[in-house]
2 protein chains.
Amino acid sequence: MKYIEKLRNSGLRPTKQRLKICQVLFDSEKTFHFTVNDLAKKIKIKIDSNISLATIYNTVHAFEKKGYLKQIPINSSQTYFDTNVSDHHHFYDLNNDKLIDLENSDVGPINIKKKINGKKIKSVEVLVKLED
Amino acid sequence: MKYIEKLRNSGLRPTKQRLKICQVLFDSEKTFHFTVNDLAKKIKIKIDSNISLATIYNTVHAFEKKGYLKQIPINSSQTYFDTNVSDHHHFYDLNNDKLIDLENSDVGPINIKKKINGKKIKSVEVLVKLED
DNA sequence: TTTCTACTTTATAATGATTCTAAAAAGGTG
DNA sequence: CACCTTTTTAGAATCATTATAAAGTAGAAA
Ligand SMILES: [Mn+2]
Ligand SMILES: [Mn+2]
Ligand SMILES: [Zn+2]
Ligand SMILES: [Zn+2]
């Protein structure tokens with residue numbers, strides 16, 4: 001299985017559960033955005049096995065820490081994650097709570113002119129809110 | 001009192017509680033960022049009166065809807081609000097969960113080249129995450 | 001293979017921000 | 001004042017997320 005090494009390299013044991021979650025997250029052609037709830041449903045549908053919510057949370061957070069997933073900064077009752085870990089931005093459709101990718105090339109370079117003493121920039125993310 | 005009219009013009013009755021919350025939010029020289037919890041503490045300190053949490057939530061949401069406050073898109077366990085309702089951006093310091101304003105002039109114009117059919121842009125916000 | 005240990009999973013409880021409820025209080029109008 | 005509507009409030013409910021701690025598993029060593 002192709003995810004065993006990916007997990008090992010990150011210091012995560014390739015357990016049955018983690019491998020199945022990898023399948024659901026990373027086997028698809030396109031990247032996608034999801035909440036933990038979305039992911040739990042998807043796992044139940046795609047794979048006929050019960051992975052506990054606690055494990056899904058643990059794994060998602062482990063993947064996030066390792067850089068396999070990104071959190072999307074947004075105000076919502078649930079946290080959104082992204083399997084697209086490249087540097088990019090988002091549209092957020094306020095009418096249906098859906099996220100759409102905005103590639104860097106769709107936004108152009110962002111030049112942060114202000115500097116904060118002793119701090120370095122970790123990420124620069126643009127959120128474009130949409131409405132009808 | 002200078003907030004009575006502001007409230008009336010927005011269809012909000014100028015109640016004792018709303019006027020006191022206005023004082024705490026809008027009387028200060030500088031704008032600031034806050035969570036509902038922050039605000040509740042500030043109210044208890046600045047004004048010696050008990051305004052219930054429910055009322056603070058109601059009022060903050062009413063003000064947000066009227067455009068007197070802005071929500072800041074960020075992933076945190078609490079929602080952050082901003083008394084600076086001008087178009088601007090933020091630094092978010094991951095080491096202490098503090099927000100710092102980034103004026104439009106500190107970022108330069110952002111040109112969103114991608115369009116979404118039937119949707120219009122409501123806001124464009126940049127979040128710059130900082131670490132030590 | 002057997003054993004040992006650290007890591008992982010899981011069901012379940014706890015947490016905590018936010019929202020809901022419904023009764024009491026206050027605002028506004030005539 | 002009398003009336004009706006809006007607002008406030010204490011407390012309960014909700015619900016995403018995190019913590020707990022017991023049972024299971026992976027990997028390595030013997
Ligand atoms: Mn996380
Ligand atoms: Mn709100
Ligand atoms: Zn994305
Ligand atoms: Zn601000």
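Letters go in sequence order (proteins before strands), and every chain restarts at 1. Because the structure is predicted, anything quoted here is derived from the model rather than measured.
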**Prompt:** Would one find a side-chain N or O of B:Tyr57 under 4.0 angstrom from OP1 or OP2 of C:dT18?
**Reply:** yes
Atom CG of B:Leu39 and atom C1' of C:dT18 are separated, to the nearest Å, by 15 Å
Practice item. Flag yes if more than 12 heavy atoms outside B:Lys113 fall under 6.0 Å of its NZ atom; otherwise flag no. Key: yes
Testing C:dT18, D:dT17, C:dT9 for proximity to the side chain of A:Gln78, the answer is D:dT17
### Message
At 4.0 Å (heavy atoms only), tell me whether A:Thr55 reaches a base, stays on the sugar-phosphate, or touches nothing.
### Response
base
**Prompt:** Can you tell me if NZ on A:Lys44 sees more than 12 non-hydrogen neighbours from other groups inside 6.0 Å?
**Reply:** no
4.5 Å side-chain heavy-atom contact, A:Tyr68 and A:Ser10
yes
A:Ile43 atom CD1 is separated from C:dT10 atom C1', nearest whole Å, by 14 Å
Report each atom pair, protein N/O against N/O of nucleotides 22-30 of chain D, whose distance is under 3.5 angstrom.
| residue | atom | partner | partner atom | Å |
| --- | --- | --- | --- | --- |
| D:dG27 | OP1 | A:Arg8 | NH2 | 2.3 |

Within 45 degrees of the ring normal and closer than 6.0 Å to the centroid, is that where the cationic atom of B:Lys70 sits relative to B:Phe63? no
**Pi-cation contact, B:Phe91 with A:Lys114 (under 6.0 Å, within 45°)** = no
As a quick check of understanding, evaluate side-chain hydrogen bond (donor to acceptor under 3.5 Å, both in side chains) for A:Asp38 and A:Thr35, giving each step before the final call. CA-CA 5 Å; A:Asp38 294 339; A:Thr35 66; 3.2 Å; yes
A:Lys46 atom NZ: more than 12 heavy-atom contacts under 6.0 Å = no
note: A:His61, atom NE2; D:dA16, atom C1'; distance rounded to Å ~ 11 Å
note: A:Leu12, atom CG; C:dT9, atom P; distance rounded to Å ~ 9 Å
In whole angstroms, the gap separating P of D:dT17 from CZ of A:Phe34 amounts to 11 Å
Among C:dT18, D:dA16, D:dT8, the one nearest any side-chain atom of B:Thr79 is C:dT18
A:Asn37 atom CG is separated from D:dA16 atom P, nearest whole Å, by 6 Å
| message | For A:Phe32, does the six-membered ring have the charged nitrogen or CZ of A:Lys42 within the cation-pi criterion, i.e. under 6.0 angstrom from the centroid and within 45° of the normal? | response | yes
Worksheet item: Looking across every strand, which nucleic acid part, if any, lies under 4.0 Å from B:Asn50 by heavy atom: base, sugar-phosphate, or nothing?
Response: sugar-phosphate
Terminal axes of the helix from C:dT1-D:dA30 to C:dG30-D:dC1 (5 end pairs apiece), angle rounded to 10 degrees, sit apart by 30°
For A:Tyr80 and B:Asn75, which I'm curious about, is there any donor-acceptor pair between the side chains at under 3.5 Å?
no
In whole angstroms, the gap separating P of C:dA26 from CD of B:Gln17 amounts to 9 Å
Note: for A:Thr59 and B:Ala54 on DNA chain C, the residue whose nearest nucleotide lies more 5' is A:Thr59
Whole-Å distance, A:Asp38 CG to D:dC15 P, equals 16 Å
